[in-house]
Amino acid sequence: QRDWRCTSGRCEVKIINKANPNPVNDADRAAKLAEGGFGKYYTDNMIVAEWSEKSGWGNINLVPYGPLSLDPATAVLHYGQEIFEGLKAYAQPDGSVSLFRPEANAARFNRSAERLALPTIPTEDFVSAVKELVTQDRKWVPQKVGESLYIRPFLIATEVGLGVRPTNHATFLIITTPASAYFNPSKAVTVWISTEYVRAAPGGTGEAKCGGNYAGSLLAQKQAAKEGCDQVVWLDSQERKWVEEMGGMNLYFVKGKGKEATIFTPKLTGTLLPGITRDSILTVAKDLGYKVEEGMLSIDQWRDGVKSGEISEIFACGTAAVVSPVGSAKSAQGTWVVGDGNPGPITMQIRETLLGIQHGTIADKHGWNVRVL
């Protein structure tokens, strides 16, 4: 049993460690880490905590990774009342392991919880639970730059009953999986600009990280694949004109070249996911001496900007992919290739700088890395 939070004077909730007595052996784990991928293998343990409307949060339990047992009438299975997060643990040069901006993920997790009428969890508990699991399963943290231990906290409505109302019981869980690059960073992806479907509308759940947003995107993603594209780009729901985000990632446009370039991203309107990586890049770009701008960009401005050369590079960003170059876009209006279709120098500079901070090879002057052990 370990109480990470007692140092801050809050010890109401304890972390109970009941770790897997039969973890994967060293040879099998090494083989799985060498194989790479994303979400293919999971570590030996997971976190589980229960909440009830009557008594609040119970203890946080670290237990062996395994299946859940749910009644067929469990609320999440019928009404989709659930949220999730994504963050990473990175190996450091001194052999330690650090989390990247976990408090920011905890804050977004709670904003999502409020939007889906789920209970919030204290930031200290969220971060402590992540630390406990990463500490226990630290041998699963990949050592190569660009690889990491992906951490997936999630919260589901576990009241049993078919009444349509906010749940009176919820379960918080965390699982982890070793992750290599989500996309090949040396190859730019091709995107499909969807004008038929939309991801989110004002007043909806666009800025919450909930499964329904992703389920609703899969048909358009399937359409993108038929068009020979890797991902789908979403436009606004009202005019079908303004660029919002790409699949599960935020978008960036480089306007101009060299040190005079402006790093532009669509502004947060309530329908876009406020990405932690998106926010970090705004800061990193400033640190590198670039101008940054948040605003509105139309599909016509995208097309014309690429044609004129004003838009010299495009990239997407997110926890899983970090930074992924975009080489070309397809739409009902035609195909537009950015530059020569390959990853641009500013895109790769930003990617390498952010990864350097995350892996501890570049100074973390913003205090983003949180040492676990």
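Predicted model only: the values in this text are computed from it and were never measured.
- Side chain of Asn59 to backbone of Lys14: a donor-acceptor contact under 3.5 angstrom is found.
- Taking hydrophobic clusters as Ile, Leu, Val, Met, Phe, Trp and Tyr residues chained together by side-chain heavy-atom distances below 4.5 Å, Phe109 does not share a cluster with Leu173.
- Ion pair Glu293/Lys267 not flagged as a salt bridge, since none of the NZ, NE, NH1 or NH2 atoms sits closer than 4.0 Å to an Asp/Glu carboxylate oxygen.
- Ile346 belongs to a hydrophobic cluster with Tyr90, Phe100, Tyr252, Val254, Ile263, Ile281, Leu282, Val284, Leu288, Tyr290, Val292, Phe315, Val322, Val323, Ile350, Leu354, Leu355, Ile357, Ile362, Trp368, counting contacts under 4.5 Å between side-chain heavy atoms of Ile, Leu, Val, Met, Phe, Trp and Tyr, direct or through other members.
- Summarising the hydrophobic clusters (Ile, Leu, Val, Met, Phe, Trp, Tyr; side-chain heavy atoms under 4.5 Å, direct or chained), the residues clustered with Leu272 are Leu268.
- Taking the six-membered ring where tryptophan is involved, the planes of Trp302 and Phe253 are perpendicular, since the angle between them exceeds 60° and thus also 30°.
- Lys209 has no carboxylate O lying under 4.0 Å from a charged side-chain N of Glu85, or vice versa, which leaves the two without a salt bridge.
- Looking at Tyr150, Phe172, Tyr214 one by one, the single match for ring pair (Phe, Tyr, Trp, His ring centres under 6.0 Å) with Phe84 turns out to be Tyr214.
- Salt bridge annotation for Arg278-Glu294: present, with a cationic side-chain nitrogen under 4.0 angstrom from a carboxylate oxygen.
- Among Asn45, Asp44, Thr176, the one residue that satisfies the side-chain hydrogen bond (donor to acceptor under 3.5 Å, both in side chains) test with Trp140 is Asp44.
- Annotation: side chain of Asp137 is not in contact with side chain of Val134 (no heavy-atom distance under 4.5 Å).
- Salt-bridge check for Asp26 with Arg29: passed, with a basic side-chain N closer than 4.0 Å to an acidic carboxylate O.
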